[in-house]
Amino acid sequence: MRKRILTGDRPTGQLHIGHYFGSLQERVKLQDEFDTFILIADVQALTDHFHEPELVRRHVFEVVLDNLAAGIEPEKVTFVIQSMIPEIAELTVFFSNLVSLSRLRQNPTVKTEIALKKELFGNSVSYGFLGYPISQAADITVFNADLVPVGEDQMPQLEQTRELVRKFNRIYGETLTLPEGKYGIFPRVKGLDGKAKMSKSLNNAIFLADSPTQIEAKVQGALTDPQKLRVNDAGHPEICTVFTYHQMFSPGIEELAGECRAGSRGCRFCKAQLTAKIIETLAPIRERREAFAQNLSEVKDLVSEGTARAKRVASETLNRVKDAMTIQYF
Ligand code: ATP
Ligand code: MG
C-alpha cells in the first residue's frame, strides 16, 4: 500500500509563485510515490469569505487548473471538493471537544490572519474562523493521510492536528493515523510588498496565470533594499525581495549578491533580468493551463470522480471513529 498525502488550497483566488515554490513543485515531485489527495478547501475559504460565496465558487476550478498547470497529472491524483464530504464536518464536531479556546487563540498563524482581517471581524473573530484549524485536522485525518506537504504558515495547524490525533487515540483507542508535515525548499515566499507572506488575498502576488505585461508591472513595483537609492549604492541582498525571487527562479545565482553589495548592479537592471526569467519559467505553465481550460468539462469530471472516491474513504474512517466513540447504535 502506498502512503497517502493530503494537501490542498483554498479557492480564494488563483495560485501564485509562492504556491509554486512553497508547495506545488513538491506535490508534483511526490505524486508518483504517494497516493495524493488534493483538497479544494471551499468550506475553509468560507470562514473568511462567507459574505462572497460567488468568489469561492468561481475559484474552485481555477485552483484545480493551477495545480494541473504546475505539473499535477490528472490520472495520478485525487481532487476533492471539501464541502461535498460531510464526514469532514462530522469529525470536526468530535474534534472540537478535544481542544480548548485558549489553545486555538495561541496559534500564531491564526493570530496574524485575524490581525489582517480587522475589517471583517472587528474585535471579535467568528467561532468558525478561530476554529478552522480543527476543521483542517479533520481534512487530514478523515483521509488517513501520512504526509502533509505545506508551506511554513501551516506548521502550527499541523502541530494542532497531531495533538488532536494523539488525544483522540488516547481517549478512544488507536483509530486515527498520525500525520507528518513536509515543507518545500522555499516554505515562506515573501509578497511583492516585502512584508507579509505572498497571499492570494493580500494583493501582493504574482499569479501563475499572469501575462508577461502583468509580471513586468508587478516586478517593477516590488520592494527592494530601501537604503539603495542610486544605481551604484551598495545594496543588501539579504533584505531585498527581488533577490529572494532571483534565488527561486535562478538557483545558484550567488554572484548576483556580490555585485549588488559592491554597488555594481542597479535595481532597474536587476528587475528587468528577473522579469525575463519569471516570464520564461511561467510560459509553459500558462500554456498547460490554457490547454486544460479548453477542456473544462473533462476537468470537472475528474474532480467529480475524485470526490466520489474520497467520499468512500471518508465514510470508512467515520465508521471507525463512531465505533471507537461507541456511538454506533444500530
Ligand atoms: P489565502 O490568502 O486565501 O489564505 P494563500 O495564498 O495563503 O491564500 P492557501 O490556499 O491558504 O494560499 O495555501 C495553500 C498552500 O500554499 C498551503 O500549503 C500554504 O502553506 C502554501 N502557501 C501559501 N502561501 C505561501 C507562500 N507565500 N510561500 C510558501 N507557501 C505558501
Ligand atoms: Mg492561506
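One-based numbering along the sequence shown. We count ligands from 1, going down the list as the structure has it; atoms in each ligand are counted the same way.
Within the listing of ligand 1, atoms 29 (C), 30 (N) sit less than 4.0 angstrom from a heavy atom of Gly22. Using a 4.0 Å cut-off to heavy atoms of His19, the atoms of ligand 1 that qualify are 5 (P), 6 (O), 9 (P), 12 (O), 13 (O), 14 (C), 15 (C), 16 (O), 22 (N), 23 (C). Every atom of ligand 1 is numbered from 1 in the order shown, and the set under 4.0 Å from a heavy atom of Ser199 is 2 (O), 6 (O), 7 (O). Close contacts of ligand 1 with Gly18, meaning ligand atoms under 4.0 Å from a residue heavy atom, involve 28 (N), 29 (C), 30 (N). Those atoms of ligand 1 with a heavy atom of Pro187 less than 4.0 angstrom away are 28 (N), 29 (C), 30 (N). Per-residue contacts place Thr12 under 4.0 angstrom from the following atoms of ligand 1 (heavy atoms of the residue considered): 1 (P), 3 (O), 8 (O). Atom numbering of ligand 1 starts at 1 in the shown order; those under 4.0 Å from a heavy atom of Gly8 are 14 (C), 15 (C).
Contact check for Arg105 versus Lys111: no side-chain heavy atoms found under the 4.5 Å cut-off.
Here the straight-line distance linking atom CG of Asn204 with atom NZ of Lys218 works out to 9.5 Å at 0.5 Å rounding.
In this structure, atom 11 (O) of ligand 1 lies nearest to the protein heavy atom Arg10 CD, 3.2 Å. Ranking the protein heavy atoms by distance from atom 28 (N) of ligand 1 puts Val189 N, 2.8 Å first. Looking only at protein heavy atoms, the nearest one to atom 18 (O) of ligand 1 is Gly151 N, 3.2 Å. Closest to atom 14 (C) of ligand 1, if we only count protein heavy atoms, is Asp9 OD1, 3.4 Å. The protein atom (non-hydrogen) at minimum distance from atom 2 (O) of ligand 1 is Ser201 OG, 2.4 Å. What sits closest to atom 9 (P) of ligand 1 on the protein, heavy atoms only, is Lys200 NZ, 3.3 Å. The protein non-hydrogen atom at the shortest distance from atom 20 (O) of ligand 1 is Asp153 OD1, 2.6 Å.
Checking Arg320 against Thr175 by side-chain atom types alone, no donor-acceptor pair falls below 3.5 Å. Between the side chains of Tyr183 and Gln154, not a single donor N or O lies within less than 3.5 Å of an accepting N or O. Between the side chains of Asp153 and Thr109, not a single donor N or O lies within less than 3.5 Å of an accepting N or O.
The nearest non-hydrogen atom to atom 17 (C) of ligand 1, considering only Lys190, Gln154, Glu113, comes from Gln154.
Annotation for Arg230: atom CZ does not count as buried by contact number, only 12 or fewer foreign heavy atoms lying within 6.0 Å.
Checked by distance only, ligand 1 and Lys197 come closer than 3.5 Å through their nitrogen or oxygen atoms. Ligand 1 has a nitrogen or oxygen under 3.5 angstrom from a nitrogen or oxygen of His16.
Taking the six-membered ring where tryptophan is involved, the planes of His51 and His49 are essentially parallel, since the angle between them stays under 30° and well short of 60°. In this structure, Phe168 and Phe95 have perpendicular ring planes: the angle between them is above 60°, well past the 30° mark. Aromatic ring orientation, Phe186 versus Phe21: perpendicular (interplanar angle above 60°, classes split at 30° and 60°).
Partner of Tyr132 under the side chain to side chain donor-acceptor pair (under 3.5 Å) criterion, chosen from Arg10, Gln44, Glu113: Glu113.
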inquiry  = The test is side-chain hydrogen bond (donor to acceptor under 3.5 Å, both in side chains); show your working for Asn232 and Arg265 and say whether it passes.
reply    = CA-CA 7 Å; Asn232 295 322; Arg265 162 176 280 267; over 6 Å; no
